[in-house]
Amino acid sequence: MLDIFDLTVRYRTSGGELEALSSISISAKKGTTLALVGESGSGKSTVALAAMGLLPQEAQIIGGTVRFDGHDLGAMSVEERRRLRGSRLGLVFQDPFSVLNPSLTIGSQVGESLIHHRGYTPREAFERAIGLLDEVGILNPKAVANAYPHELSGGMRQRAIIAGALAPEPDLLILDEPTTALDVTIEAQIIELLEQLRARRGLTMLFISHNLGVVRRVADEVAVLYAGQIIEHGATEDVLHRPMHPYAKGLLAAIPRIGSKQLRLASIPGRLPDLRKPPSGCRFAERCPFASESSTQPQTMRMVGGRGVRCANAELVESTPWPTPEATATQAPPRSEQSPVVSVRALDKTFRIGGGVTLEGWRLRRNETLLKPVDDITLDIRRGEVLGLVGESGSGKTTLGRTILRLIDPDSGEIRIGDELVSGKPQRELERMRRTAQIVFQNPDSSLNPRKTVGELLARPIRRFGLATTERMPTRVRELLDMVRLPSHYANRYPHQMSGGEKQRVGIARALATEPRFIVCDEPVSALDVSVQAAIVNLLADLRDQLGVAYLFISHDIGVVAHLSDRIAVMQHGKLVEIGDADAILNHPRHPYTIKLLSAVPRVDARSTSAGSGPPPLQ
Amino acid sequence: MTAFIARRLFFIVLVLVAVSMLVFGITALLPANVAYLILGPFAPPDQVRALEIKLGLTDPIWQQYLRWASSFLTGNLGESTLMNRPIGPMLTEAVGRSLMLTGASFVLIAVIGVGLGIVAALRHGKPLDHGVSIGTYLGIAVPEFFWAIIVILVFAAWLGWLPASGYEAPSEGLWIWLKHLIAPTITLVFGHLAHVSRLTRSSMIEVLQSPYVTAARAKGLPEHVVVLRHALRNALLPTITALALDFGRLMGGIVVVETIFAYPGLGRLIVFSIQNRDLPTLQAAILVVAAIYAAANLVADLLYARFNPKIRYGRNVS
Amino acid sequence: MSAEVSTTVVDEKPPARGWPLQLKIGLLLTGTIVLLSLLAPSIAPHPWDTVSMRTRFLPPGPTYWLGTDEYGRDVLSRLLMGGRLSIAMGLGATIVSLLVGVPMGLAAGYFRGWVDETLMRLADVLMAVPPIMLGLLVLAVTPPSLWKTALAVGFVYIPLIARITRSVTLTLANEEFIQAARARSESNWYILFREILPNAWPPLLVEASLRVTYAILLGSALSFLGLGAQPPSSDWGLMIAEARSFIDRAPWIALAPGLAMCLLVIGINLLGDGLRERLDPRLKTRIGKR
């Protein structure tokens, strides 16, 4: 159905030409789903745009062909391509929040392509749109068809977008990270919807994603993309359970898995090569523990046991697993007997949103929505313990973390940090608490002041609390950098000169600078790629063991939380619905919401029922 | 929607009250003795004293303000200290002429400016776009009074097509009236076109790069549908606000343009009253300008709400 | 573990991007005009204020490059001297509006609540009157002089600067590094001036440079109306006003200062846009994910 052959795409950038795709060849047979997997910068979105003939102006196709059902897209006229796009190809983008036109109703957008490709009248198209919205599982399709995008939730929008892509009955659906912006439970629903649609309509799908768990559920075949090249290509079961290319191995080993607790995760060192001047040999060699002399040669795609692998050593390293680091310190003694370092009782916080006034008859009425992100929360965190806090977006996780640290003032309730009651104190009397309790943020680009060097960033908290003399300062900064495993010359760097993972290390070092006993980790790895995420998670585990510091580890990624936490708390609509030992929560959840949440998580090592036997899942 | 308008109107009244205080405050607080200003620096003290009492200048400032404001509200705008004429009729006449001038300019600016902006955005990076961009740089850089001089030089002095200045009532003949209107209008249009076309261009370019336009292209919609139905509606939203702002600038622009073309409107009245220290006229005139400006903003807000569903409805499906 | 950083420490400086063409042209134009004006007293070919009835209305020629005016004074020399006044007025006004507007905007954007409401409603009131009329109002009752014009123009643009500063501050105040500063009990003073301001100045610098052109145009308009520089010294606005009566007889007297002003304003605009392009982080990430 879709056949991409030897496609090379370059972008013109200010820093020179950048080869986003190098000789990509993939094909999706009719009625199957091909997944394209890769981390950020791998070039996977470019494939989607190229397949649709929608590459931006600064992109240039250097060579190769894109064929759809036997027709060469490159040889078509602009007008022919346009006709094909609307009638036989459908595209679903990553972010449901910006791909719907804010000033048109949902119904008119869903049915739109029918008017221009199938000769419907606007009225007929709108009627058909209602039918399509019904088909994608929207409960009150008529009301939704008349609504505007801003009135719908993210999941509803994504359903509407899928409905719009399906309207002209396309043969091929291209989905670019269709669930990445959504919560897990919504993600599960959308995936289910896609499965149904595929079965019902015999769709061919090109599914682009970084999430291997999702890919396992939807794809028949997987192609793994690294630095603009396909490095492994084969049946989903084969690639995900018995990866042959070292990068695929590393990527799979780096994923934390629920139910198989390891002390440390495997991680992939280094970073993507600069695609403005790609290495002449294997593009992964620099980061590969299996690299050998042959890696300096350009690698070609070879068929090994029914799948394509771009690695000369594939057979040699087939049975060797990716190396997993050891824990550097022995685990601290059982934590249960120790006194809590943080203790929260009946904490409440309410926000008032939308202060406007409306006229009701002649009386003025305040329009207020009350939002209660922290609703009667009670919890303890013991010394050296990791309490994982999970919940979906809007559940109040972040607000709770910041309220405990008094970055947001609570309405009522008690917060005790160490032996100090901090909930009633005015901000200026919180110095002692601020030293004891610190925070690590989600977005390393936003959490470091871009105008300060790493040295300045780390020295400031030390100076602020008078923890070292001016002469001792460089030594202390070096110690901190060493603690997060950054070389000491990084003290002179500015944030923009570092990678995401390195920035997050600096963020952790800054939190450690005050020698805290408790750190709120607010989604510290969510902005990072899987391979980098693993290294940061390991670092946090090491620091806990070395320093005995306790974490409130906030994350929407249950896999990461399961890996790191001693105990887990589950939040929904501002309330704590369940809290308990990690194993108990993960294996025997009791609250219905916890059960729903856990079953929605796409797991990479789960097996589809149809699959035959194979070696046991990776440990 | 009614609530929205009510809220806006209420806010406008508040702002106008505040502006009236500001206007009154500045003229009253600045270190200048109004009586001396009127009578000249060598006036005998007893005359000055008499005039101060006549004008109520010896009362506390808030009393003066209340007196001024309450007479203003009853429609009595007071008397011009210079011409000893009631301000009301004088002002109405001037406002009418000025609105004629600004109205004509505004329509031309909106049509030509928005049109140029869209065309340039659609040809982004092409020669036409560069042409428009260079043109707008020039347009922004040339002050109105210089445009006026160029217009006079070209159309009056060299070509002799238009009168260099003055005003004739429509009763003198439509063409004569129109002829006197053309030169100041052209000046205002030249002076203000650039802002609007520049903003339209950049907002149109931004919208054309937005994900929902790419999505519309991915649906294989014909290009004119993509541009007219998907891009234009959203691109024009910021332009509406900009046009209201520009109407405000036009109200400022008439000060210079009417002075140069000796066009007897609001702008010339203001300059005239300043040159002759006619404070009551000045205060009234500036307040009228603020009111017109506020009305323009209200219209813009309503239009904005009309075209932006996020404001139009407060409801929530789902 | 530590391997993530140890193997490849790519020294990733931001790609060396050349200066945008606009910036170069803008610098050249602005620099030349400012320099010529600064050096005016030493390079002016003739005295700027010597009245001579014999040399009235001479068209541009080898002795008087830009001709002479109705009092027989050299237009070029007056142009150079006038440039000093116009530029000084524009700069002065901008500095006034920055000095007041930036702290206002910082406070409004950071403290929010009633501080924000009060300051912004105040700005609304000032913005309810077109700038030139506000300027006229301020200048109405005091004898005109150039520094007062600069002050008045600066005053008029305070609300705009305050608004822009506020919106920049609002964005920055949401950044996580501000929360990090609060998490170590930094004072509001430290956060405003050491964390926010260093990040706010690039967009403010761009804005200020464009604001200088507004100030020059508004100031010259006020001068043109007789509320700025007073004869015999004259800035470009007043030069044009004085030349107005002779526009058909001696157009060069008006055209010279008019064109000079255009070149200066275009230069500064190009400079500002060029700076914006260099500093605007959105443009850097425009190509973003692929």
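- The line from CG of Asn101(A) to CG of Asn234(B) is 4.5 Å long, rounded to the nearest 0.5 Å.
- Chain A forms the most heavy-atom pairs under 4.5 Å with one residue out of Ser210(B), Ala231(B), Ala218(B), and that residue is Ala218(B).
- Both the backbone and the side chain of Thr214(B) come within less than 4.5 Å of a heavy atom of chain A.
- Chain A forms more heavy-atom pairs under 4.5 Å with one residue of Leu237(B), Leu221(B), Val213(B), Val225(B) than with any other, namely Leu221(B).
- The candidate with the highest count of non-hydrogen atom pairs below 4.5 Å against chain B, out of Pro149(A), Gly53(A), Ser98(A), Ala167(A), is Ser98(A).
- Between the CD atom in Glu223(B) and the CD atom in Glu79(A) there is a gap of 10.5 Å [rounded to 0.5 Å].
- Contact tally against chain B (heavy-atom pairs below 4.5 Å) for Met52(A), His117(A), Arg83(A): the top residue is His117(A).
- A donor-acceptor pair is defined here as one N or O able to donate and one able to accept, closer than 3.5 Å; no such pair exists between the side chain of Lys219(B) and the backbone of Gly164(A).
- Using a 4.5 Å heavy-atom cutoff, the side chains of Leu104(A) and Arg233(B) are in contact.
- Judged as a salt bridge (charged side-chain N to carboxylate O under 4.0 Å, His left out), the pairs with a partner in residues 190-200 of chain B (not counting sequence neighbours) are, in order, Arg198(B)-Asp273(C).
- When all heavy atoms of Arg217(B) and Arg85(A) are compared, the closest pair comes out as O-NE, 2.7 Å.
- Options Pro102(A), Gly90(A), Gly86(A) differ in how many heavy-atom pairs under 4.5 Å they form with chain B, and the most are formed by Pro102(A).
- For chain B, the option among Val78(A), Leu91(A), Leu100(A) with the highest count of heavy-atom pairs below 4.5 Å is Leu100(A).
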